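Just so we're on the same page: letters track the sequence lines, and every chain starts at 1. Quantities reported herein were computed from a predicted structural model and do not represent experimental measurements.
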2 protein chains.
Amino acid sequence: MSRPTVNDIAREAGVSLATVDRVLNARPGVRGKTITAVNEAIARLGYVRDMAAANLARSRRYPMAVFLPDGGGQFVQTVADALDEAAQQAAATRTEMSLIRYPAGDTHHLAALLAGVDPEAVAGVALMAPETPVLRDAVRALRARAVPVVALASDLPNAGCDHFIGIDSRAAGRTAGVLMGRFLGARPQRVAVLAETMLLRDAIERRRGFDEVLQADFPLVEVLPTLETHGATEALRRGLAEILTGTDLGGIYLLGSGHRALTAALEGMGLLGRVVVIGHELTKASRAALESGHIHAVIAQNPGHLARSTLRVLRAKADRQPIDEGQEQLRIDIVIRENLPA
Amino acid sequence: MSRPTVNDIAREAGVSLATVDRVLNARPGVRGKTITAVNEAIARLGYVRDMAAANLARSRRYPMAVFLPDGGGQFVQTVADALDEAAQQAAATRTEMSLIRYPAGDTHHLAALLAGVDPEAVAGVALMAPETPVLRDAVRALRARAVPVVALASDLPNAGCDHFIGIDSRAAGRTAGVLMGRFLGARPQRVAVLAETMLLRDAIERRRGFDEVLQADFPLVEVLPTLETHGATEALRRGLAEILTGTDLGGIYLLGSGHRALTAALEGMGLLGRVVVIGHELTKASRAALESGHIHAVIAQNPGHLARSTLRVLRAKADRQPIDEGQEQLRIDIVIRENLPA
DNA sequence: CGGTTTTTGAGGTACGCACCTCAAATTCAT
DNA sequence: ATGAATTTGAGGTGCGTACCTCAAAAACCG
């Protein structure tokens, strides 16, 4: 017994090959009754489309465009690398990718780039960007031109994207909160929260999740107001010093990037390894800090998974095919020194 | 420009299609000089053989056989389900899978099954089994008959498998150890270790990793000898009670399965939620226990990833193609209530 | 040099599917 | 019932490769 083919379906359903083809590829001009009959035959025979052959026959290409902020920190670079690697693999299914960088934060620039996307030349768009009104409109316009759009890492809930690929920031914050609470133990302690900026939705959501958990489950822990560093190492150092004059510090929660700066500041203060530090995203810096014991846990999303998921989802959207939610669901990874991936 | 094809190579090398084909498929009847010329043309054009088209032309199928223990606990069932799902997906690339169960622990039976594998009818074999001499020989014999073999979840280091798909048990144990140490805090505490049996390599390795970490980094924690329950709820209850008469218990490390029994025993003793419990593998039982706060962390490997990886690796081996190590590397997942996947 | 062996070329069929065209059959509305 | 619209069938071509046959060309041998 070999696998059933389209011919077998045609015979089984009592229709012609052309009709089976119309049903399989959702082409118009088939009665509902016939569609049902064909689908039943498909189910009866357990037919599975041979994607390799299908793609070969189509000789269709899937040029995808991915927009990433330029200079958005280590994490962005990690994602870019993962995307490049995923693209190499995906080339086997004629999925191509061009990575386009835009000045970080300049959503006007990005919106202009999106406006210039040619639906003929681009089968799908993925973007990592903060949500602004300009960008929201740009995404809407793109989708109106039938270009699938997915949000990467940071959701754009009101832009009407086809999909969001990333983890729930609030849940990630909750996870960080539980770890912080447990690592601190059952004594009264204070926790500082650091962020480059609180303007990004992600940071706000993480902080919210973090607070929720600590308030509910670890009442002995006091979470201090967020210290915004705006990327300035000096501001970080000063802020930390100020906090430390008033009181003892049990832990530090790093909402965004800045592992390197934090490590430097802590070293200067002789605090390295004496404070529980929990951060986000696995980058070269945070990995090194984990390895040397300077930070204790990182909440991360697997960049490889993120990248492959992005291309798969865009491909599915381009073909108007359903998405395997289970496979595309990104997990909230907890990374400590002992389970650092090689 | 699109990808070069065999025709492009023929033109570039100044030979005919037939000759290119002979070179590509290592057929005889070509002068060394010509072979070199063709290979140079291939290199110059950066030709990559389209395996999809090649296999289509060969109309090759990939029937894989996966052997799982019967009655090996919830985890095995979880893996089986994941494999079924992965097989459905993989069917699109003519990869088929048959799941074969053997009596858990009966490696003689399994060895007999492996001896009966027909290399013509099976493109690859995956198996989850403890390593025994009989099995080792059976695996060697299979590989001698040119059937790729991969080990699933539990490694068979001396059987000469083509690949191991799973996580490093020792590292998993270390991860559990760090979490236990941190969750317990900086007070002197005792930790009980439970296992159904210590005959399996996995359990031994986990325990070793666990001990290593606690000895080195958490000297205040005393790890008690392993309590083997042999699957008997009553033995578990008695053993725990015995431990509790002597001393206070800070934590419990569950080396293998048995979440349900442990929860029941703890409930009977009024200890639910008052002891730090860390276990392995995410199953229905351990998930429920995490949700209700009865256990605090689970060290797991993603069964979906494991399943997809298994089929991908077997397929690559069958085609004698290289493996994307990055993609096949399973992560050691730390799962707590807050990052339970949906 | 002729004869033999080896190498090469030309061309075809097949794999499973997509996509196209044109005509025939069926259904629908009036 | 009649014409129009819709639905279906038949058949073809091509995707990139494998594998086959037969004849032509080239290389080799003594």
Side-chain angles (χ1 to χ4, degrees), chain A residues 1-39 41-42 45-62 91-95 123 315 318-321, chain B residues 1-39 41-42 45-62 90-96 318-321:
Chain A
M1 297 285 154
S2 133
R3 286 175 40 155
T5 75
V6 279
N7 283 292
D8 299 322
I9 298 180
R11 205 175 327 111
E12 173 79 15
V15 300
S16 78
L17 200 59
T19 301
V20 173
D21 177 69
R22 289 181 183 112
V23 173
L24 276 178
N25 297 292
R27 269 186 269 277
V30 188
R31 272 186 308 173
K33 228 187 258 184
T34 314
I35 295 183
T36 312
V38 171
N39 282 328
I42 289 176
L45 294 182
Y47 167 81
V48 184
R49 194 203 294 255
D50 183 337
M51 283 310 273
N55 290 330
L56 177 60
R58 249 190 279 261
S59 70
R60 173 173 178 184
R61 296 164 57 202
Y62 299 84
T93 54
R94 287 182 318 292
T95 303
R315 178 85 149 69
D319 279 343
R320 286 160 212 253
Q321 284 213 312
Chain B
M1 292 304 118
S2 101
R3 285 172 42 158
T5 75
V6 278
N7 282 293
D8 299 321
I9 298 180
R11 205 174 327 111
E12 174 79 15
V15 300
S16 78
L17 199 59
T19 302
V20 174
D21 176 68
R22 288 179 184 116
V23 173
L24 277 179
N25 296 293
R27 270 185 270 277
V30 187
R31 271 187 308 174
K33 225 186 257 186
T34 314
I35 295 182
T36 312
V38 171
N39 282 327
I42 288 176
L45 295 182
Y47 167 81
V48 185
R49 192 206 215 100
D50 183 337
M51 283 307 278
N55 290 328
L56 174 61
R58 282 196 191 98
S59 68
R60 169 159 190 192
R61 296 161 58 205
Y62 299 86
T93 52
R94 291 187 311 292
T95 303
E96 299 147 27
D319 279 343
R320 286 158 210 255
Q321 283 217 313

Hey, mind stepping through V20(B) and Y47(B) against side chain to side chain contact (heavy atoms under 4.5 Å, CB included) and telling me if it holds?
CA-CA 12 Å; V20(B) 174; Y47(B) 167 81; over 6 Å; no
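Among pairs with a residue in residues 26-35 of chain A, those fulfilling side-chain hydrogen bond (donor to acceptor under 3.5 Å, both in side chains) read D21(A)-R27(A), at least two apart in sequence or across chains.
Across A54(A) and R49(A), no two heavy atoms sit closer than the pair CB-CD, 4.1 Å.
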For a quick check, with a 4.0 angstrom heavy-atom cut-off, what is the B/S/- contact string for nucleotides 16-30 of chain C, read 5' to 3'?
BBBB-------S---
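The side chain of T19(B) contributes no N or O atom lying less than 4.0 Å from OP1 or OP2 of dT8(C).
No side-chain donor-acceptor contact under 3.5 Å links R94(B) to the backbone of D50(A). A distance-only check finds a donor-acceptor pair linking the side chain of R3(A) to the backbone of V48(A) [under 3.5 Å].
Distance, I42(B) CD1 to dT17(D) P: 10 Å, rounded to whole Å.
At a threshold of 4.0 angstrom between heavy atoms, the contacts of G32(A) with the nucleic acid are absent.
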